[in-house]
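First listed ligand is number 1; within each ligand, the first listed atom is number 1. Residue indices begin at 1 and follow the sequence shown.
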Amino acid sequence: MSFSETAHSAAAFAGRRAGPVAIAYPNMALVKYWGKRDESLVLPVTGSLSMTLDIFPTTTRVTLRPRAAVDAVTLNGRDASPQTRMRVERFLDLVRDKAGRSERARVETNNTIPTGAGLASSASGFAALAAAAAKAYGIESDARALSRLARRGSGSACRSIFGGFVTWHAGTGFGAAGDASSYAEPSRYAVDAALVIAIVDSGPKALPSRTAMRLSMTSSPFYLPWAAATRTDLEQVQAALAAGDLVRAGGIAEHNALGMHAVLLASQPSIRYLAPQSLRILDRVDRLRAAGIPAYATIDAGPNVAVLCARHHAARVMVALRELDDPVSIRIARPGPGVTVTGGDEP
Ligand code: DP6
């Protein structure tokens with residue numbers, strides 16, 4: 001059943017107007033967020049920087065159900081798993097708390113990105129949920145406040161509130177001060193960038209990133225050095241992008257991502273998201289560079305690889321990745337828009 005059909009039948013069943021719909025896009029970090037200084041407020045150890053994509057949107061409708069005792073959550077037209085429902089409910093509790101309201105809600109989400117495959121579905125998912133739920137419950141929030149709210153659902157979601165290149169400021173301190181100072185902010189850079197995304201495996205990942213993050217922070221001897229280097233990486237990527245230097249930004253981004261995977265590999269027990277195909281793609285990217293095509297890989301908590309390059313090189317990069325024997329699906333992404341919300345206004 002399509003999103004519009006489920007939304008339509010839900011509204012008809014409830015005999016009420018359907019709630020607001022938000023559309024958000026995933027983002028791919030060039031400087032990674034990995035590690036929290038506060039778990040419950042989702043305050044990161046370091047700042048991070050990403051590009052919001054123009055593909056794989058998540059569409060979420062939140063409709064209030066004043067007579068219901070529980071929240072209802074569907075994902076791509078089916079009841080969500082108990083874990084997903086709990087995570088959504090916890091987030092809605094936070095929104096209800098802020099709004100001083102208690103109604104339950106129906107949440108209908110359609111993801112066009114493979115869910116849980118290390119392709120940032122939680123980023124677009126919680127960005128869309130935050131925007132739709134804030135509207136449904138009548139929370140007045142500007143984009144910065146919305147990014148702080150989305151952060152509570154999933155850290156990387158705060159960056160998907162904005163389009164293009166986005167920095168998530170780590171902020172300082174804990175409690176209310178930490179919460180207020182940790183938000184995302186977009187930057188306009190004069191670079192014509194593309195990300196060529198190779199989906200190696202769209203199945204759910206073995207270990208959720210939240211668990212892996214916790215485990216690697218506490219058990220990997222490389223975590224603290226990586227976090228220290230990431231602070232410098234962030235400043236240098238921002239400076240390189242501001243100077244229009246995609247090559248320099250790409251080199252730092254690749255190093256930052258591989259450093260994160262080194263942290264993971266050195267955790268106890270070891271966490272290995274990279275697949276043989278991921279490594280073959282890294283080899284291919286090396287060969288592209290040797291052939292004079294500036295292309296740089298980044299990999300989130302999964303086996304899929306995103307290759308940063310100039311827009312005019314994207315088709316060439318895609319062809320190179322297609323030449324590999326492995327059956328990977330490849331998409332070219334460009335900088336995409338921030339979250340949008342429609343509908344849900346009181347009659
Ligand atoms: C590797 O935002 O999914 O994609 O805050 O625990 O929900 P939680 O984690 P999440 O982690 C994303 C990690 C990453 C890097 C990044 O997007 O910066």
Side-chain angles (χ1 to χ4, degrees), residues 24-53 56 58 83-84 86-88 90-91 94 111 113-130 147-162 165-171 179 182-184 195 197 204-217 220 223 226-227 230-231 233-234 237 253-254 256-265 267 271-274 278 297-306 308:
Y25 289 78
N27 67 75
M28 187 61 64
L30 302 181
V31 178
K32 304 294 184 195
Y33 146 57
W34 196 256
K36 299 177 182 66
R37 68 178 190 275
D38 181 303
E39 288 251 351
S40 70
L41 290 176
V42 193
L43 300 176
V45 172
T46 57
S48 54
L49 184 145
S50 60
M51 185 182 109
T52 300
L53 312 184
F56 301 137
T58 294
Q83 295 94 312
T84 300
M86 266 180 54
R87 203 163 159 188
V88 170
R90 270 208 310 273
F91 185 78
L94 176 72
N111 261 338
I113 194 168
T115 302
L119 266 177
S121 58
S122 69
S124 53
F126 277 100
L129 179 61
S147 85
R148 289 174 41 232
L149 179 63
R151 189 198 79 221
R152 301 286 294 272
S154 186
S156 56
C158 74
R159 299 185 308 237
S160 276
I161 295 299
F162 298 102
F165 290 95
V166 181
T167 294
W168 173 9
H169 301 288
D179 181 31
S182 187
Y183 55 85
L195 279 166
I197 297 177
K205 49 192 161 193
L207 193 61
S209 51
R210 187 158 281 201
T211 316
M213 212 180 265
R214 196 179 295 137
L215 183 63
S216 62
M217 270 189 83
S220 177
Y223 181 73
W226 177 81
T230 293
R231 294 190 182 96
D233 289 349
L234 178 59
V237 166
E254 183 173 297
N256 182 266
L258 294 180
M260 184 189 86
H261 285 274
V263 168
L264 287 161
L265 286 167
S267 301
I271 304 165
R272 186 154 36 87
Y273 284 124
L274 303 176
S278 323
T298 184
I299 309 180
D300 277 349
N304 305 307
V305 185
L308 179 72

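Between Met260 and Ile299, the closest heavy-atom pair is CE-O, 3.8 Å. Nearest approach of Lys32 to Asn256, heavy atoms of both residues: N-OD1, 2.9 Å. Closest heavy-atom contact between Val45 and Arg231: O-NH2, 3.4 Å. Taking each heavy atom of Leu207 and Tyr273 in turn, the nearest pair found is O-OH, 2.5 Å. The heavy-atom pair separating Leu195 from Ala306 by the smallest distance is CD2-CB, 4.1 Å.
For ligand 1, the polar-atom distance check against Gly155 finds a nitrogen or oxygen pair separated by under 3.5 Å. Looking at ligand 1, you won't find any N or O of Trp34 less than 3.5 Å from one of its N or O atoms. For ligand 1, the polar-atom distance check finds no N/O of Lys32 at less than 3.5 Å from any of the ligand's N/O atoms. An N or O contact shorter than 3.5 Å is missing between Ser48 and ligand 1 by distance.
Within the 4.0 Å heavy-atom shell around ligand 1 one finds Ala301. At a 4.0 Å cut-off, not a single heavy atom of Arg151 sits close enough to ligand 1 to count as contact. Ligand 1 lies nowhere less than 4.0 angstrom from a heavy atom belonging to Arg152.
Every side-chain hydrogen bond (donor to acceptor under 3.5 Å, both in side chains) that Tyr33 has, sequence neighbours left out, goes to Lys36. Qualifying salt bridge (Lys or Arg N to Asp or Glu O under 4.0 Å) partners for Arg214, counting only residues two or more places apart in sequence or in other chains: Glu39.
Counting only non-hydrogen atoms, the option in Ser209, Ala212, Ser156 that gets closest to atom 2 (O) of ligand 1 is Ser156.
Between the side chains of Ser122 and Ser154, at least one donor-acceptor pair of N or O atoms lies under 3.5 Å. Donor-acceptor pairing under 3.5 Å is recorded for the side chains of Asn111 and Thr58.
Interatomic distance, Thr46 OG1 to Trp34 CH2, rounded to the nearest 0.5 Å: 11.5 Å.
Near Lys36, the atoms of ligand 1 lying under 4.0 angstrom from a non-hydrogen atom of the residue are 5 (O), 6 (O), 8 (P). Heavy-atom proximity to Arg87, at under 4.0 Å, picks out these atoms of ligand 1: 7 (O). Short contacts between ligand 1 and Met213, defined as distances under 4.0 Å to a heavy atom of the residue, involve ligand atoms 9 (O), 11 (O). Atoms of ligand 1 found under 4.0 Å from any heavy atom of Ser122, numbered from 1 in the order shown, are 3 (O).
By the criterion of a heavy-atom distance under 4.0 Å, neither the backbone nor the side chain of Glu39 is placed next to ligand 1. Looking at Ala29 against ligand 1, only its side chain comes within 4.0 Å, counting heavy atoms. The parts of Ser154 lying near ligand 1 are both backbone and side chain, judged by heavy-atom distances below 4.0 Å. Of the heavy atoms in Met28, none comes closer than 4.0 Å to ligand 1.
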